[in-house]
Amino acid sequence: MTADISNEKGLLAERLRPSLKTENLLLGSAYKIWNRDLLQWRTSHKFHLILWGPPGSGKTTLARMLGEASNLSFVTLSAVRDGVKEIKSAVEKNPGSLIFIDEIHRLNRAQQDTLLPILEYSEAWIIGATTEAPTTELSAPILSRVRNIYVSALNEKDIEKGLIHSLNFLKLNDSKFALTISDDQKLTEQTIPKIAKMSGGDLRFALNLFENIIHCKTEDEENDVYKNSLKAFTNKNHYDFISAMIKSMRGSDPDAALFYAIAALDKGEDPLFILRRCIIFSSEDIGNSDPQALTLAVSAYRAIECVGMPEGRIPLAQCVTYLASTLKSNKAYLAIEKVRNWRVQAEENGYSIQPPIELTVKGKDKYKYPHNYENSFIHFEYLPSEVNKIKQQEKIAAYLPSDYGVEFKLKSRLADLWKNPKKMNKKV
């Protein structure tokens, strides 16, 4: 937290942001990252960097301090506001500069691609900040060119340290505050611990709430401020509630699943994040027992993109309750690791995994078109011969359809076709 008392009209969180001169005021993992992970960046070797973690953990502060330490031109952009044009302009006007892109996960894949030559040839040094996991929000080419460092949420003790520092700072540097403060003991023994507990590891939230509380004139006014201060989820409880929603859907309890979804939504969770988890769930836990589930989940995602909030809560509720209520099957999901294991075994033994010639472009003349045969089926060993031997040794298929819903029909069809496959090779 920087002691920038010249900005007396700014928010407390900004006035107390740590700087190069006050790096000892860094808290939590940000302190360790500055002195350990970023030491090389500051002293000998620069690299492109993605700082990711929950709000108020110190990502922007670390980026700004690197700007101070580097003696490079420091340019701040936000992916919420700035796009390809602004990024290119910043690089052209400030070659070799340090460009900080806040909320970098908001760049779509096409916009991310414009960063590749900048990263590849170090036309500028890129530091991105994101609250979302880079592995899901950033493209593989971007990830291969940057270093990712996770900045974790602060614990309650660190939040209390930050609030106590802010209290001392105000008493020393804010004459109006020094004159109006009436109960220093109450602030340190009651107010600060309460705010720290509410903050969920977000120091910015804690400082903003503290600033509002100290200007209250009555206890009723304080209670109203507390009541109306909604904290967006930290990285931990953010996933706790979504995990509870998923497990409730898997357990076919629509009431519980919807409760956790709406609780997350009311606390500030991104509805599209909830729907992304629903899309994954519809394939992982429902799969082919009810193929309509995936269609519904994707449609709900698009619906929220179209109508926004708060109306978006309605298609979200429809999706969550349907996914919780319908049939369940994880057979397609389990088949992934099964066939992956076949590939690993084959390569470990030096076997070829090249497709049979009949399935390749070169073998198109030898390919037998299933629709020319009864039931649109022709018996053929589609797996590479060595991989098929591994499958036969295990005596079990990778995909084993369940006895539920549509998947039961798939199971019956496959059983009929492959029970006596050679009898099925009749042309029509």
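To the nearest 0.5 Å, atom CG of residue L167 and atom OG1 of residue T191 are 9.5 Å apart. Put simply, CG on L163 and CD1 on I213 are 11.5 Å apart, with the number rounded to the nearest 0.5 Å. Between the CD1 atom of I195 and the CD atom of Q190 there is a distance of 11.5 Å, given to the nearest 0.5 Å. Taken from CG in L154 to CD in E160, the straight-line distance is 11.5 Å, to the nearest 0.5 Å. The CD atom of E386 sits 8.0 Å away from the CD1 atom of I390 when rounded to the nearest 0.5 Å. With rounding to the nearest 0.5 Å, the separation of CG in L98 from CG in N71 is 11.5 Å.
Inspection of the D253 and S248 side chains reveals no N or O donor paired with an N or O acceptor under 3.5 Å. No side-chain donor from either of W52 and E137 sits under 3.5 Å from a side-chain acceptor of the other. Side-chain atoms of S89 and K85 form no donor-acceptor pair, as typed in the model, at a separation below 3.5 Å. With no hydrogens or angles considered, a side-chain donor-acceptor pair links S152 and S29 at under 3.5 Å.
Inter-residue side-chain proximity for P401 and K331 is flagged as unmet; no heavy-atom pair is nearer than 4.5 Å. Put simply, the side chain of L187 reaches to within 4.5 Å of the side chain of F210, judged on heavy atoms. Looking only at side-chain heavy atoms (C-beta outward), W125 and S122 come within less than 4.5 Å of each other. Taking the side chain as every heavy atom from C-beta outward, C278 and M249 approach each other to under 4.5 Å. The side-chain heavy atoms of Q345 and Y351, taken from C-beta on, include no pair separated by under 4.5 Å. Looking only at side-chain heavy atoms (C-beta outward), P18 and M65 come within less than 4.5 Å of each other. Within the 4.5 Å cutoff, the side chain of I104 has no heavy atoms near those of the I142 side chain. Counting heavy atoms from C-beta on, the side chains of D102 and T76 never come closer than 4.5 Å.
The number of heavy atoms from other shown groups lying within 6.0 Å of OH (Y399) is above 12. Around the OH atom of Y382, the shell of radius 6.0 Å holds more than 12 heavy atoms that belong to other residues, nucleotides or ligands. Heavy atoms from other residues, nucleotides or ligands lying under 6.0 Å from CZ of F408 number 12 at most. For F74, the CZ atom counts as densely surrounded, since its 6.0 Å shell holds more than 12 non-hydrogen atoms of other residues, nucleotides or ligands.
A donor-acceptor pair under 3.5 Å links the side-chain atoms of E68 to the main chain of L20, judged by distance alone. The main-chain N or O of S139 is found under 3.5 Å from a side-chain atom of Q112 such that the two form a donor-acceptor pair. Under the 3.5 Å distance criterion, the side-chain polar atoms of S70 are matched with a main-chain donor or acceptor of L72. Between the side chain of N388 and the backbone N or O of P384 there is no donor-acceptor pair closer than 3.5 Å. With hydrogens and angles disregarded, a donor-acceptor distance shorter than 3.5 Å links the side chain of K59 to the backbone of G53. Without hydrogens or angle criteria, N108 side chain to Q111 main chain gives a donor-acceptor distance under 3.5 Å. R145 places a side-chain N or O within 3.5 Å of a backbone atom of P141 that can act as its donor or acceptor partner. When atom types are taken as modelled, the side chain of T360 and the backbone of I357 share a donor-acceptor pair closer than 3.5 angstrom. Listed for the R313 side chain is a donor-acceptor partner under 3.5 Å among the backbone atoms of P310. In terms of modelled atom types and a separation under 3.5 Å, the side chain of D82 and the main chain of S78 share a donor-acceptor contact.
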Stepwise side-chain contact (heavy atoms from CB on, under 4.5 Å) check, I99 with I127: CA-CA 6 Å; I99 297 180; I127 297 180; over 6 Å; no

Intermediate values then yes/no, side-chain contact (heavy atoms from CB on, under 4.5 Å), E132 and F273: CA-CA 10 Å; E132 301 296 328; F273 171 78; 4.3 Å; yes

Stepwise salt bridge (charged side-chain N to carboxylate O under 4.0 Å, His left out) test for E394 and K391: CA-CA 5 Å; E394 294 184 357; K391 175 182 176 179; over 6 Å; no

Side chain to side chain donor-acceptor pair (under 3.5 Å) between S243 and K247, intermediate numbers included: CA-CA 6 Å; S243 176; K247 289 180 172 64; 2.8 Å; yes

Full working for side-chain contact (heavy atoms from CB on, under 4.5 Å) between E23 and Y31: CA-CA 8 Å; E23 62 181 69; Y31 179 81; over 6 Å; no

Check against salt bridge (charged side-chain N to carboxylate O under 4.0 Å, His left out), R343 and E347: CA-CA 6 Å; R343 178 193 62 77; E347 293 182 342; 2.7 Å; yes

Full working for side-chain contact (heavy atoms from CB on, under 4.5 Å) between Q318 and L296: CA-CA 9 Å; Q318 178 188 356; L296 177 62; 3.8 Å; yes

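Residues L12 and S166 approach most closely at CD2-CB, 4.1 Å, considering heavy atoms. Shown here for F241 and Y260, the closest heavy-atom pair between the two residues is O-CB, 3.7 Å. Considering every non-hydrogen atom in both C216 and N212, the closest pair reads SG-O, 3.4 Å. Taking each heavy atom of G56 and R204 in turn, the nearest pair found is N-NH1, 3.5 Å. The nearest pair of heavy atoms linking V406 to N288 is CB-O, 3.4 Å. When every heavy atom of S97 is checked against every heavy atom of V75, the shortest pair comes out as OG-CG2, 4.3 Å.
Using the six-membered ring where Trp is involved, F377 and W418 have ring planes that are perpendicular, over 60° apart on the 30 and 60° scheme. Taking the six-membered ring where tryptophan is involved, the planes of F47 and H45 are tilted, since the angle between them lies from 30° to 60°.
With E407 as the fixed residue, the side chain to side chain donor-acceptor pair (under 3.5 Å) test singles out one of S329, S289, S412: S329.
For the pair K194 and Y226, the cation-pi test (distance below 6.0 Å, angle within 45°) is passed. W41 does not carry R147 over the face of its six-membered ring by the limits of under 6.0 Å from the centre and within 45° of the normal.
By the 4.0 Å N-to-carboxylate-O rule, R64 lies close enough to E14 to be salt-bridged with it. Ionic pairing of K328 and D285 is not present here: no N-O contact between side-chain nitrogen and carboxylate oxygen is shorter than 4.0 angstrom.
In terms of the salt bridge (charged side-chain N to carboxylate O under 4.0 Å, His left out) criterion, K366 has no residue partners (sequence neighbours excluded).
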